[in-house]
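Everything numeric in this text was worked out from a predicted model, so none of it was measured. Atoms within a ligand are numbered from 1 in the order they appear, just like the ligands themselves.
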Amino acid sequence: MLETLTHKEHDEARQGEAYAPFSNEVNTFKKHFYIESYGCAMNFADSEVVASILNERGFGATRNVEDADLIFINTCSIRDKAEQTVRKRLTEFRKFKRSNPSLLVGVLGCMAERLKAQFLNEEKLVDMVVGPDAYRSLPGLIEEAETGQKAVNVLLSRDETYADIAPIRLNSNGVNAFVSIMRGCNNMCSFCVVPFTRGRERSRDAASIVNECKELFEQGYREVTLLGQNVDSYHWIDEKNNETVSFALLMEKVALISPLLRVRFSTSHPKDITDEVLFTMAKYENICNYIHLPVQSGSSRVLQLMNRTYSREWYIAKVNRIREILPDCGLSTDMITGFCTETEEDHQASLSLMEYCNYDLAYMYFYSERPGTLAARRFKDDIPEEVKKRRLQEMIDLHRIHSLQSMQRDVGKTFKVLIEGTSKKDENELQGRTDHNKVVIFPRAHFKKGEYVYVTIDKCTAGTLFSNKAVGVKD
Ligand code: SAM
Ligand code: SF4
């Protein structure tokens with residue numbers, strides 16, 4: 001797939017990642033847990049909340065599944081393929097259970113919520129099923145499972161945001177961190193399972209978000225990504241200070257922590273992103289000039305069936321507005337091919353919209369019907385799989401041209417880059433990111449992780465920019 005830039009909302013390279021932040025302190029914990037995460041960035045952020053809850057109760061993480069007393073798998077339900085990956089992985093855990101009968105296996109997240117207790121029958125080796133709003137009950141559920149009973153908590157909440165839990169940063173490079181600002185979604189796009197698995201939308205206390213970002217900055221982090229399914233509908237009433245905090249105001253508060261702290265956010269729903277957000281982005285140099293604005297389809301007819309609540313023309317007007325206020329803004333999207341009733345004409349409309357928007361990055365999927373969603377109940381999944389896949393390939397081929405052009409446009413230009421660490425291929429080189437979230441490789445010289453440098457781009461591939469020389473940024 002064309003997911004060449006990493007550090008994205010749904011990062012293929014991170015799927016199944018296992019964590020061990022305290023791996024050098026293996027003897028200080030009474031028991032060890034192993035946690036693997038799948039799906040979007042919110043799931044990875046949730047695993048950090050889970051690690052914090054377990055750590056408080058004396059459980060330490062291990063990256064070695066063989067050393068674990070507890071195995072957790074934080075799951076994704078967004079497409080059937082994501083669920084099949086998890087089911088396959090669960091069968092691989094069977095052998096560990098055979099050699100260690102007291103080993104407990106827990107399924108967390110969206111699949112736990114979607115399938116509930118049914119999971120226990122379908123996957124015999126599972127001992128715990130825990131939905132995304134029930135992580136505080138994990139220590140109790142572990143105790144229950146230790147007695148040999150199956151433990152389930154899939155209650156969704158209207159107010160749980162885990163605001164008071166300081167997530168333990170897992171597998172972090174010490175520079176970038178994800179910060180959840182809200183949970184759930186109220187949008188009900190007809191193809192999407194998220195409102196059913198993650199519940200109603202609720203915003204997290206603004207002060208707790210700003211404090212978490214301040215602490216991250218003090219620990220040396222230099223970039224935070226504010227996360228939510230629909231960040232632009234963030235809304236918090238601060239009764240103490242008699243203040244209503246919109247997403248624009250929240251972003252401003254985070255940007256004001258320090259000009260050295262970069263701020264990113266994901267995901268924006270086209271219907272909700274406001275001029276106020278765009279003007280706030282324009283006002284602060286440290287708010288990255290980059291918007292992930294999923295469109296899903298270029299056909300107004302399909303968009304209506306998807307219940308996206310905007311038309312093609314409305315979306316184009318929004319893109320024009322972004323370019324008017326932020327002429328140099330990077331733009332990415334999500335696209336679905338082969339949604340119910342999609343014709344060749346609708347598909348061509350998606351391709352022509354991509355031509356118009358000229359996205360720097362696109363995440364493209366073929367439609368996967370999810371049980372219980374509005375589309376599954378109302379429409380027939382009538383586009384044959386080979387047609388969905390052929391349309392997807394055409395879309396990928398088109399986007400490949402746009403993304404390469406986007407990289408080529410950067411050759412010869414100078415960018416401010418935040419250094420994230422050593423290049424994976426050569427330890428004499430460093431790797432960092434531009435404002436537009438593009439990876440740049442350049443000589444190490446005397447520079448260090450977490451510093452900013454200016455680089456002039458000499459050449460590029462489809463996924464990476466290269467520079468011969470970096471120059472330090474004066475404070
Ligand atoms: N909240 C975000 C939004 O509205 O754009 C994204 C949520 S979802 C986790 C990420 C992407 O998965 C969606 O933008 C959509 O393109 C894709 N997706 C969701 N449900 C899907 C389905 N049933 N089949 C294929 N792709 C799907
Ligand atoms: Fe799903 Fe739509 Fe909510 Fe995104 S906005 S999580 S696609 S329902």
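In this structure, NZ on K416 lies 4.0 Å from CD on E285, to the nearest 0.5 angstrom. Between the CG atom of N43 and the OG atom of S180 there is a distance of 10.0 Å, given to the nearest 0.5 Å.
Between R136 and I165 there is a side-chain heavy-atom pair separated by less than 4.5 Å. Put simply, the side chain of R433 reaches to within 4.5 Å of the side chain of V439, judged on heavy atoms.
Side-chain atoms of Y363 never come within 3.5 Å of backbone atoms of P294 as a donor-acceptor pair (strictly under, hydrogens ignored). Checking side-chain atoms of R183 against main-chain N and O of P132 turns up a donor-acceptor pair under 3.5 Å.
Residues passing the ring pair (Phe, Tyr, Trp, His ring centres under 6.0 Å) test with F265 are F247, sequence neighbours excluded.
Between P294 and ligand 1, not a single N/O pair is under 3.5 Å apart. Considering both main-chain and side-chain atoms, N230 never comes within under 3.5 Å of ligand 1 through any nitrogen or oxygen pair. Considering backbone and side-chain N/O atoms, H269 never comes within less than 3.5 Å of an N/O atom of ligand 1.
Using a 4.0 Å cut-off between heavy atoms, I78 contacts ligand 1 through both its backbone and its side chain. The side chain of Y365, and not its backbone, has at least one atom closer than 4.0 Å to an atom of ligand 1 (non-hydrogen atoms only; side chain from C-beta on). In Y363, neither the side chain nor the backbone holds a heavy atom less than 4.0 Å from any atom of ligand 1. Contacts of Q296 with ligand 1, taken as heavy-atom pairs under 4.0 Å, involve the side chain alone. Using a 4.0 Å cut-off between heavy atoms, R370 contacts ligand 1 through its side chain alone, with no backbone atom that close. For C40, no heavy-atom contact with ligand 1 is shorter than 4.0 Å.
Less than 2.8 Å away from atom 2 (Fe) of ligand 2, the protein contributes these N/O/S atoms: C189 SG.
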Next item on the list: Tell me, with the steps shown, if Y356 and I316 meet side-chain contact (heavy atoms from CB on, under 4.5 Å).
Entry: CA-CA 8 Å; Y356 182 85; I316 287 177; 3.6 Å; yes
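The 12-atom threshold is exceeded at CD of Q393, counting heavy atoms of other residues, nucleotides or ligands nearer than 6.0 Å. Crowding of E239 atom CD: a count of heavy atoms from other residues, nucleotides or ligands under 6.0 Å not exceeding 12.
Side chains of D346 and T343: a donor on one and an acceptor on the other come within 3.5 Å.
The closest heavy-atom contact to atom 21 (C) of ligand 1, among the options F191, F366, F339, comes from F191.
R308 counts as a contact of ligand 1, since one of its heavy atoms falls under 4.0 Å from the ligand.
Ligand-side atoms of ligand 1 in range of R79: 12 (O), 17 (C), 18 (N), 24 (N), 25 (C), 26 (N), 27 (C), range being under 4.0 angstrom from any heavy atom. For ligand 1, the atoms lying closer than 4.0 Å to a non-hydrogen atom of S368 are 22 (C), 23 (N), 24 (N), 25 (C).
In this structure, Y367 and F339 have perpendicular ring planes: the angle between them is above 60°, well past the 30° mark.
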